[in-house]
Trainee: 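Below is one structure. I have some questions about it.
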2 protein chains.
Amino acid sequence: MVGKSEPGVVTLREVAEVAGVHPSTVSRALNPATSHRVSKAVVRRISETAERLGYRANLVAASLRTGRSHLIGILVPDIANTVFSPILSGASERLAAEGYLTVVADVPDGGRQLDLARSLVARQVEGLLLAAVTRDDPLVDYCIAQRLPAVLVNRSEARRRLSSVVSDDALGMQLAVDHLMDLGHRAIAQIGGPESTSTGYNRHRGFLAAIAARGLAPEAAPCESAEAYAREAGQAAAHRLLEAHPEITAFVAANDLLALGCYDALKARGLRCPADVSVVGHNDMPLVDLVAPPLTTVRISHREMGWEAADLLLQGMRDPSASTRTLVLAPQLVVRDSTARPRTAARRRGAG
Amino acid sequence: MVGKSEPGVVTLREVAEVAGVHPSTVSRALNPATSHRVSKAVVRRISETAERLGYRANLVAASLRTGRSHLIGILVPDIANTVFSPILSGASERLAAEGYLTVVADVPDGGRQLDLARSLVARQVEGLLLAAVTRDDPLVDYCIAQRLPAVLVNRSEARRRLSSVVSDDALGMQLAVDHLMDLGHRAIAQIGGPESTSTGYNRHRGFLAAIAARGLAPEAAPCESAEAYAREAGQAAAHRLLEAHPEITAFVAANDLLALGCYDALKARGLRCPADVSVVGHNDMPLVDLVAPPLTTVRISHREMGWEAADLLLQGMRDPSASTRTLVLAPQLVVRDSTARPRTAARRRGAG
DNA sequence: GGAATTTGTGCAACCGTTTGCACAATCAAG
DNA sequence: CTTGATTGTGCAAACGGTTGCACAAATTCC
């Protein structure tokens with residue numbers, strides 16, 4: 001016989017019995033939304049009894065009855081990735097304010113996402129925050145088919161069928177490119193992220209657009225995309241670029257880890273940063289201000305991103321007919337020491 | 001009328017009706033643990049029907065009946081802190097393997113921990129992983145009083161009333177001190193963490209013990225504890241120590257962030273690391289291999305820690321009478337470039 | 001080939017709340 | 001002092017599964 005929970009756990013019924021009222025009255029008295037329907041005196045008696053007995057409502061039972069779990073699921077590709085921590089933190093702050101708790105599912109970017117989502121749905125989560133989608137993700141189809149409120153964070157989906165909160169990737173790239181060109185760079189390469197992610201895709205296009213806007217020929221701006229947002233992948237891409245285009249004086253990376261991989265490649269080739277080659281990252285993740293040299297990067301406020309996504313999700317839950325919205329946060333360029341005038345420009349300037 | 005979940009959500013009863021059997025039979029057929037009690041043919045028919053109708057069990061309902069939520073709560077002081085991400089990651093990996101999902105509560109180290117814990121209990125979590133306890137924490141009393149399986153991670157409690165998984169702080173300090181003394185340092189200061197945390201307390205004592213074991217006089221090993229595990233606090237403590245003991249040639253920090261704060265203080269005073277002063281950190285958090293200079297530190301495998309804690313929790317849940325255990329993980333010294341021979345020793349060596 | 005056992009399915013209670021409805025008591029209005 | 005509205009409480013049926021028990025049918029055993 002299961003279900004007979006540990007003795008000592010007080011139920012609503014017991015409180016009712018001790019207080020000498022009907023269970024429904026206890027329920028009403030203890031629920032702030034309905035306690036006005038019970039006389040003051042009884043409310044007090046019940047509250048006292050509940051307190052004395054150490055009564056704690058069983059939210060699982062309440063969930064079953066009301067159909068509301070007050071649980072939100074968050075799918076992240078890698079909790080250990082420092083980018084997601086602030087997103088999580090911001091989201092859970094916003095959700096906690098409304099009485100929601102977050103169930104975190106760390107899903108190793110393989111094909112298990114859908115399983116996880118299903119498992120969360122089985123647990124009656126009321127909404128989903130998705131931080132791990134690709135540009136064309138079956139997860140999105142799933143949420144739509146299930147009419148499950150969901151919001152994308154950090155990455156968006158090609159068809160914009162769900163609300164999302166993202167950084168303005170085009171602007172980020174423009175900031176990076178403008179900064180480098182203002183310094184005098186004229187041979188700028190991009191290390192892009194995986195094209196399957198919106199960030200990889202958009203930052204790549206943003207880079208090209210920024211280059212074109214400044215009138216630089218595409219040949220002067222070669223691109224390579226890394227297979228993953230990882231240091232090793234960045235290093236490999238940087239090597240490929242330097243091999244094919246030795247004239248490069250600056251790198252724009254789609255992500256800080258890629259930028260750090262770029263550092264590795266430069267070091268391996270005996271090139272100094274920023275003296276020989278400048279590097280710009282993206283995200284401004286913790287500690288990149290301390291690496292050598294401190295990384296110039298495009299800052300994204302991931303905490304705010306998480307907060308806003310949670311907020312959007314709450315809105316969507318309240319009003320399922322609300323239109324899907326894309327909230328675009330403006331990134332900010334943080335100039336540190338990994339960018340400087342290119343040697344040629346410096347020389348030219350010295351000569352002029 | 002709530003509780004009438006969205007139309008289109010298939011229930012057990014509907015599956016039963018379509019398959020022409022009793023709901024209880026469907027329940028048994030779909031549960032791997034009981035499906036052997038149903039004939040092969042019927043199991044298949046039911047499975048097909050369920051599949052066809054897109055049936056998804058409502059785990060909330062199941063929880064209510066069985067008293068098992070398959071939910072584990074994790075209390076962390078700060079999700080955004082990069083130390084906790086791998087703990088979370090390791091724990092959720094282990095728990096997911098047993099069908100448990102994790103509910104993360106990010107609790108800002110104030111007094112709300114108990115509230116959060118209560119809220120998790122109300123949601124019928126089956127166990128708690130506590131990564132945010134102090135050496136004498138009311139949360140521990142609460143878990144014991146509630147007979148709630150709980151395991152401490154990263155930090156332990158003075159009275160060892162709950163199982164915990166921690167790093168061997170004494171050993172960590174010994175590794176750090178031995179390394180520095182082997183290099184020739186004889187004036188080593190410690191920047192400790194908050195004494196209210198077991199890590200702060202134990203690392204401080206470990207440091208003193210290691211110093212004593214090598215026969216160094218306590219006067220040659222001054223200590224300061226930082227108010228928090230934060231860069232600024234480390235910087236302040238380093239300044240205090242350098243002010244009072246200008247002869248210091250090496251710092252042992254209780255945590256990497258404190259060590260990085262120490263870098264800040266050295267820089268502010270025009271001292272070079274490691275040329276003038278060596279620094280050893282603790283944790284080996286992500287990216288400290290890239291800061292300038294790459295940090296020599298005591299590595300703790302936080303991911304493993306989280307995994308083991310989850311494992312211990314599962315054991316404790318299976319057998320509530322099991323004795324509490326303390327699992328001590330051995331840390332490892334990772335030597336990078338922030339430690340070197342002290343100038344005096346180098347000079348002496350050069351002269352000899 | 002009849003008794004003893006096993007197998008497969010149905011029945012109904014139960015987990016702990018919530019809530020629409022009913023109804024008595026109290027109050028306000030005329 | 002009736003009539004009508006309001007207030008406070010109880011009743012019982014949910015919510016969607018799970019499971020002990022009962023019992024018919026199929027199987028095994030001697």
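Residue numbering restarts at 1 for every chain, and letters A, B, ... go by the order of the sequence lines.
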Trainee: If you measure from the Lys or Arg side-chain nitrogens to the Asp or Glu carboxylate oxygens, is any gap between B:Glu157 and B:Arg135 under 4.0 Å?
Mentor: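 Looking at B:Glu157 and B:Arg135, the cut-off is not met.
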Trainee: Among the candidates D:dG17, C:dG16, C:dT18, find the nucleotide nearest to the side-chain atoms of B:Asn58.
Mentor: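 Selected nucleotide: D:dG17.
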Trainee: Quick check: on DNA chain C, is the nucleotide nearest B:His36 upstream (toward 5') of the one nearest A:Arg37, or the reverse? Name the residue that is more 5'.
Mentor: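 Going by which nucleotide is closer to the 5' end, it is B:His36.
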Trainee: When you check the side-chain N and O atoms of B:Arg160 and B:Ser164, is any donor under 3.5 Å from an acceptor?
Mentor: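 Their side chains do not contain a donor-acceptor pair, so the 3.5 Å distance test is not met.
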Trainee: Listed by chain and number, what are the side chain to side chain donor-acceptor pair (under 3.5 Å) partners of B:Arg94, not counting sequence neighbours?
Mentor: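 Partners of B:Arg94 by the side chain to side chain donor-acceptor pair (under 3.5 Å) criterion, ordered by chain and then number, come out as B:Glu98, B:Asp311.
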Trainee: Send over the distance from B:Arg65 CZ to D:dG17 P, rounded to a whole Å.
Mentor: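 Going from B:Arg65 (CZ) to D:dG17 (P), I get 14 Å.
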Trainee: Could you tell me how far apart A:Arg68 (CZ) and C:dT19 (P) are, to the nearest whole angstrom?
Mentor: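 Rounding to the nearest Å, CZ of A:Arg68 and P of C:dT19 are 11 Å apart.
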Trainee: Do the side chains of B:Asp141 and B:Arg161 get close enough for a salt bridge, i.e. N-O under 4.0 angstrom?
Mentor: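 Here B:Asp141 pairs with B:Arg161 in a salt bridge, since their nearest N and O are under 4.0 Å apart.
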Trainee: When you measure from every atom of DNA chain C, which of residues 40-55 of chain A have a heavy atom less than 4.0 Å away?
Mentor: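 Contacts with DNA chain C under 4.0 Å: A:Tyr55.
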Trainee: Could you list the residues that satisfy side chain to side chain donor-acceptor pair (under 3.5 Å) with A:Arg303, not counting sequence neighbours?
Mentor: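 Checked A:Arg303 against side chain to side chain donor-acceptor pair (under 3.5 Å); matches are A:Ser89, A:Glu93.
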Trainee: Would you please say whether a donor-acceptor pair under 3.5 Å links the side chains of A:Tyr100 and A:Glu126?
Mentor: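 Present: a donor and an acceptor within the cut-off.
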Trainee: In whole angstroms, how far is the P atom of D:dG16 from the CD atom of B:Glu17?
Mentor: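 These atoms are roughly 14 Å apart.
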Trainee: Could you check whether any side-chain N or O of B:Ser163 sits under 3.5 Å from a backbone N or O of B:Arg325, counting only pairs where one atom can act as donor and the other as acceptor?
Mentor: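 Yes, because the side chain of B:Ser163 sits within donor-acceptor range (under 3.5 Å) of the backbone of B:Arg325.
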Trainee: Please identify each residue that fulfils side chain to side chain donor-acceptor pair (under 3.5 Å) with B:Glu308, with sequence neighbours left out.
Mentor: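 For B:Glu308, no residue satisfies side chain to side chain donor-acceptor pair (under 3.5 Å) once neighbours in sequence are set aside.
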Trainee: Bend angle of the helix from C:dG1-D:dC30 to C:dC27-D:dG4 from five-pair axes at both ends, rounded to 10°?
Mentor: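 Result, rounded to 10 degrees: 30°.
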Trainee: Heavy atoms within less than 4.0 Å of DNA chain D: which residues of residues 22-35 of chain A have one? Give them sorted by number.
Mentor: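 Within this stretch, A:His22, A:Ser24, A:Thr25, A:Arg28 sit under 4.0 Å of the strand.
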Trainee: D:dA13 P sits how many Å from B:Arg13 CZ, rounded?
Mentor: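 Distance, rounded to whole Å: 14 Å.
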Trainee: Out of D:dT9, D:dG16, D:dT18, which has the shortest distance to the side chain of B:Thr66?
Mentor: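 Nearest to the side-chain atoms of B:Thr66, counting from C-beta on, is D:dT18.
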Trainee: Given side-chain contact (heavy atoms from CB on, under 4.5 Å), test B:Arg123 with B:Val103 step by step and report yes or no.
Mentor: CA-CA 10 Å; B:Arg123 284 180 159 85; B:Val103 181; 5.6 Å; no
Trainee: Which nucleotide in the set D:dG17, C:dT9, D:dA14 lies at the smallest distance from any side-chain heavy atom of B:Val38?
Mentor: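 My answer, after comparing the listed nucleotides, is C:dT9.
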Trainee: Between A:Tyr55 and A:Glu14, is any side-chain donor less than 3.5 angstrom from a side-chain acceptor?
Mentor: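 Not at all, the side chains of A:Tyr55 and A:Glu14 share no donor-acceptor pair under 3.5 Å.
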Trainee: Find the distance B:Leu64:CG to D:dT18:P and express it as a whole number of Å.
Mentor: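 Rounded to whole Å, this separation is 11 Å.
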Trainee: Just do the side-chain contact (heavy atoms from CB on, under 4.5 Å) check on B:Ser35 and B:Leu30 with the steps written out, would you?
Mentor: CA-CA 6 Å; B:Ser35 62; B:Leu30 262 26; over 6 Å; no
Trainee: Rounded to the nearest Å, what distance is computed from the CZ atom of residue B:Arg123 to the P atom of nucleotide C:dT17?
Mentor: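 Going from B:Arg123 (CZ) to C:dT17 (P), I get 14 Å.
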